[in-house]
There are 2 protein chains.
Amino acid sequence: MEYNFRCTCPITSALDVVGDRWILVIVKLMLLEGRYTFNTMKESDEGIATNILTAKLKLMEGYELIRKEKLPNNKKTNIYSLTDRGLSLTPLIIELTLWSDAHLKDVHDTLKIGNEVELINHDREGVIAAIKSQYLAKMKDILNPDT
Amino acid sequence: MEYNFRCTCPITSALDVVGDRWILVIVKLMLLEGRYTFNTMKESDEGIATNILTAKLKLMEGYELIRKEKLPNNKKTNIYSLTDRGLSLTPLIIELTLWSDAHLKDVHDTLKIGNEVELINHDREGVIAAIKSQYLAKMKDILNPDT
DNA sequence: CACTTTAGTTGCATATTGCAACTAAAATTT
DNA sequence: AAATTTTAGTTGCAATATGCAACTAAAGTG
């Protein structure tokens with residue numbers, strides 16, 4: 001994978017990896033909406049085009065943010081799952097949620113915010129840990145139905 | 001300002017505003033590197049082209065992430081400063097720093113990380129508050145030299 | 001009054017994103 | 001087992017964003 005960093009700054013370098021229009025959206029689809037196949041991702045509200053989805057999934061696999069595998073009994077469906085590296089973007093997702101709640105409600109009238117913000121403000125670390133462990137448990141169940 | 005949101009998701013909507021290659025980099029230049037004029041920003045390590053810088057500053061002003069003003073005694077130099085909305089992106093910047101430290105050191109050998117990560121891990125909220133208050137004090141000093 | 005600084009603009013090339021239609025293999029239905 | 005549907009893409013083309021390099025105009029400086 002050809003990383004291409006603009007400079008030595010850690011912040012800019014992180015943005016060289018995840019600073020685009022789609023990667024963090026895809027992380028959200030996987031982490032918070034439980035989507036783990038190509039088709040369920042393409043059917044999301046965001047309406048991502050299939051060529052873009054293909055390209056971004058390939059890129060994210062190269063960056064080791066996600067993994068692509070198949071179940072033993074199905075040669076067709078690809079299961080995409082977040083790696084630890086991808087999962088560790090959870091705090092970023094959390095901060096985007098908080099920023100939206102604080103700053104976009106007035107300019108975006110159909111913005112859909114539930115009670116996540118209160119939960120996060122009450123126990124940020126707990127929410128992050130819960131999201132991660134629920135994700136891992138779910139994917140383990142999908143990839144290792146027994147055990 | 002014509003916001004254009006893909007859907008009702010708060011995370012995706014936040015990315016509709018700041019999810020590009022430059023906006024958060026510019027926030028960093030202002031917040032952490034003390035740059036507040038066009039020329040000092042263009043001279044940063046990131047090497048941003050002047051047409052892009054012009055376009056992004058205009059966009060950020062439209063989004064009310066930054067403000068553009070002049071000092072009374074200088075009709076030439078524009079002073080760009082972060083609004084509260086822009087300043088509240090600080091936690092996002094912090095998380096990008098942490099993610100870089102945890103995940104890019106091995107693939108980016110010239111990545112420059114100091115002791116920020118320890119400070120953040122020791123007192124995240126304190127670091128965020130300190131960055132914000134130092135920024136506000138500095139800009140106040142520049143825009144209101146007396147008082 | 002010449003020179004430099006500041007903040008851009010302009011023209012053009014390349015890269016990224018987006019749309020719509022199409023495809024091939026695997027799985028499912030009849 | 002043949003036809004249909006599902007899954008995961010690919011392909012061609014248009015539009016938008018990013019990048020490079022040279023240029024400019026107004027303001028400030030020596």
Side-chain angles (χ1 to χ4, degrees), chain A residues 1-7 12 15-26 29-30 34-63 66-81 142-143, chain B residues 1-7 12 15-26 29-30 34-63 66-81 142-143:
Chain A
M1 172 55 36
E2 9 66 56
Y3 286 93
N4 213 337
F5 297 110
R6 277 171 281 192
C7 61
T12 302
L15 292 167
D16 286 331
V17 177
V18 301
D20 80 339
R21 199 165 157 68
W22 285 109
I23 290 185
L24 288 173
V25 169
I26 293 170
L29 295 177
M30 298 174 72
R35 303 180 194 257
Y36 52 84
T37 62
F38 188 91
N39 274 357
T40 57
M41 291 189 210
K42 96 166 181 220
E43 282 154 12
S44 71
D45 282 350
E46 280 80 4
I48 186 167
T50 58
N51 55 340
I52 309 285
L53 183 54
T54 301
K56 292 300 174 181
L57 288 171
K58 205 160 290 176
L59 194 61
M60 291 170 77
E61 205 186 345
Y63 287 152
I66 62 173
R67 205 178 301 112
K68 178 184 181 175
E69 52 200 309
K70 282 181 161 65
L71 292 177
N73 53 356
N74 186 322
K75 302 193 193 322
K76 192 177 169 187
T77 307
N78 290 320
I79 312 287
Y80 291 97
S81 58
I142 287 161
L143 294 166
Chain B
M1 173 53 38
E2 10 63 60
Y3 287 93
N4 215 337
F5 298 110
R6 276 169 282 191
C7 61
T12 302
L15 292 167
D16 285 331
V17 177
V18 302
D20 80 339
R21 201 166 154 68
W22 285 110
I23 290 184
L24 288 173
V25 169
I26 293 171
L29 295 177
M30 298 174 72
R35 303 180 195 257
Y36 52 84
T37 62
F38 188 92
N39 274 357
T40 56
M41 291 187 209
K42 94 165 184 221
E43 281 153 14
S44 71
D45 281 352
E46 280 81 4
I48 185 167
T50 57
N51 55 339
I52 309 286
L53 183 53
T54 301
K56 292 299 175 181
L57 288 172
K58 205 160 290 178
L59 195 60
M60 291 169 78
E61 206 187 343
Y63 287 151
I66 62 173
R67 204 179 300 114
K68 178 184 181 175
E69 52 201 309
K70 282 180 162 63
L71 292 176
N73 54 356
N74 186 321
K75 303 191 192 322
K76 192 176 166 188
T77 308
N78 289 320
I79 312 286
Y80 291 96
S81 57
I142 287 161
L143 294 166

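Quick note on labels: first sequence line is chain A, next is B, and so on, each numbered from 1.
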Taking only side-chain N and O atoms of [X], does any of them lie within less than 4.0 angstrom of OP1 or OP2 on [N]?
{"X": "Arg21(B)", "N": "dG19(D)", "result": "yes"}
{"X": "Tyr80(A)", "N": "dT7(D)", "result": "no"}
{"X": "Trp22(A)", "N": "dT16(C)", "result": "no"}
{"X": "Lys75(B)", "N": "dT6(C)", "result": "no"}
{"X": "Tyr36(A)", "N": "dA8(D)", "result": "no"}
{"X": "Lys68(A)", "N": "dG9(D)", "result": "yes"}

Mind calculating the distance between [atom1] ([X]) and [atom2] ([N]) to the nearest angstrom?
{"X": "Met41(B)", "N": "dG8(C)", "atom1": "CE", "atom2": "C1'", "answer": "13 Å"}
{"X": "Asn4(A)", "N": "dA15(C)", "atom1": "CG", "atom2": "C1'", "answer": "13 Å"}
{"X": "Ile48(B)", "N": "dT18(D)", "atom1": "CD1", "atom2": "P", "answer": "9 Å"}
{"X": "Lys42(B)", "N": "dC20(D)", "atom1": "NZ", "atom2": "P", "answer": "14 Å"}
{"X": "Asn74(B)", "N": "dA27(D)", "atom1": "CG", "atom2": "P", "answer": "11 Å"}
{"X": "Leu53(A)", "N": "dA8(D)", "atom1": "CG", "atom2": "C1'", "answer": "9 Å"}
{"X": "Asp20(B)", "N": "dG18(C)", "atom1": "CG", "atom2": "P", "answer": "13 Å"}
{"X": "Ile52(B)", "N": "dC12(C)", "atom1": "CD1", "atom2": "P", "answer": "17 Å"}

Legend entry - Nearest heavy-atom neighbours spanning Met41(B) and Met30(B): CE-CG, 3.8 Å

Inset, instruction - For Thr77(A), report the nucleic acid contact type (base, sugar-phosphate, nothing); a contact means any heavy atom under 4.0 Å. - result: sugar-phosphate

Inset, instruction - Using a heavy-atom cut-off of under 4.0 Å over every strand shown, decide if Asn78(B) touches base, sugar-phosphate, or nothing. - result: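 The residue Asn78(B) makes sugar-phosphate contact but no base contact.
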
Inset, instruction - Would you mind telling me which of dT9(C), dC19(C), dT10(D) lies closest to the side-chain atoms of Thr54(B)? - result: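 The closest nucleotide is dT9(C).
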
Inset, instruction - Measure the CZ-CG distance between Arg67(A) and Asn78(A) for me, rounded to the nearest 0.5 Å. - result: 14.0 Å

Legend entry - Atom pair OG1/CG of Thr50(B) and Leu57(B) - distance to nearest 0.5 Å: 11.0 Å

Legend entry - Residue closer to the 5' end of DNA chain C, Asn51(A) versus Asn73(A) (nearest nucleotide):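 That would be Asn51(A).
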
Legend entry - Donor-acceptor under 3.5 Å (Asp16(B) side chain, Arg6(B) main chain): yes

Legend entry - Distance flag, aromatic centroids of Phe38(A) and Tyr80(A), threshold under 6.0 Å: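 Judged by ring-centre distance (under 6.0 Å), Tyr80(A) and Phe38(A) do not meet the cut-off.
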
Legend entry - Donor/acceptor link under 3.5 angstrom from Thr37(B) side chain onto base of dT6(C):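 Per atom types, no contact qualifies.
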
